[in-house]
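Since the structure comes first, as structure tokens, the remarks are kept for the end.
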Amino acid sequence: MTLSRTAAIRVVAPETSSVLSPRTAHGDAATIAEISAGLLAPQASTSPKYFYDSLGSHLFEAICELPEYYPTRTEAAIFARHGADMAARIGPGMTLVDLGAGNCAKAASLFPLLQPSQYVPVDIAGEFLQQAAAQLRQRFPAIEITPLVMDLSQPLILPPSLPAARRQFFYPGSSIGNFTPHDAVTFLRQVRENVGADGGLLIGVDLVKDPAVLDAAYDDAIGVTAAFNMNLLRHLNHLAGADFDPAQWRHVAFFNDAESRIEMHLEARCALSVHWCGGERSFAQGERIHTENSHKYTLEGFRSLLWEAGFRVDGTWTDDAHWFAVMHAAAAYA
Ligand code: AVJ
């Protein structure tokens, strides 16, 4: 006997017509304006910060567990092997400012070596960050933990209550790769202005390698990265009241050799149109939204980038294959 559900049950598609269902946007006006401007540009694009709603943050955690996604594992191995050396260079008792802290796990694993007196995790995913901070307070009662919910694509302005002396900025995971080299210098100059003469920056950077390794890292076999990219559409629906249908889009990721970066896009599977609060756009089949850049550097290239931003590199640690590097940099001048 064959069971046929469709024979017995009539499935009624929900009404999605823009005329009948008013849109609700949960983002503020500036957020909606930014999303709208990106979607309306000739080459549509969105900021990678919109990946990180709660589900997106969890999906990124899952990416870090993937066999193809080597950066997290490789960087962790560098910290495990050379963390004591890094700590010796920095010295204990600093204010550790963790830029894009996420679940705070990387910094926390270094607490025993670095021995910060205060830990300031900074991230855009507020709820996720507060939860991580609450757990950390229980594990490390001696460290003052003061989370900051901030958008790192905006000017880096730290609260005046933050101690000015001995500030160590921590920017692991090659998050710097999301910026173009030009914007990376602008961002690092701001970090430099906040570091002071006696502070520093410990930063992770992903290095240029075989494009096949890079492509696989951003297009994994079981589709976690695809889900991470696609989740952006859900988040845009929430923030801008958009009506993206994820089923109409596909994940595209590739290494752009000329720009030395991985690019992620969402590509329309068919001709379609999207509406959101204050805008709409049609996409032809194959048309893309550029959702992320992840720049890959050479050691020399990244050193000169730090130099341009006013930093002098005083330590470089890599893995044997030279897939990833951690650099420590101090102010190049007072
Ligand atoms: C968090 C920006 C470092 O570029 O590798 C991972 C984000 N995107 N897989 C990266 C990401 C797709 C990640 N960063």
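In listed order, ligands and their atoms are each counted from 1. None of the values given here were measured: they were computed from a predicted structure.
Residues with a heavy atom under 4.0 Å from ligand 1: Tyr52, Phe60, Ile63, Tyr69, Gly173, Ser174, Ser175, Asn178, Tyr218, Thr225, Phe228, Met264, Glu292, Ser294.
Between Arg81 and Asp320 there is a salt bridge, since a side-chain N of the basic residue sits under 4.0 Å from a carboxylate O of the acidic one. Of the charged side-chain nitrogens involved, at least one lies within less than 4.0 Å of a carboxylate oxygen, so that Glu263 and Arg261 count as a salt-bridged pair.
Looking only at atom types and distance, the side chain of Ser117 has no donor-acceptor partner in the side chain of Glu144 under 3.5 Å away.
A side chain to side chain contact (heavy atoms under 4.5 Å, CB included) with Arg167 is found for one member of Val195, Asp198, Leu162, Val191 and no other, namely Leu162.
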Please tabulate, for the side chains in residues 38-47, all donor-acceptor contacts under 3.5 angstrom to protein atoms that are two or more places apart in sequence or on a different chain.
unit_1: Gln43; atom_1: NE2; unit_2: Arg288; atom_2: O; d: 3.1
unit_1: Ser47; atom_1: OG; unit_2: Lys49; atom_2: N; d: 3.2

Between Val274 and Arg281, does a side chain to side chain contact (heavy atoms under 4.5 Å, CB included) hold up when you go through it step by step?
CA-CA 5 Å; Val274 184; Arg281 174 171 185 163; 5.6 Å; no
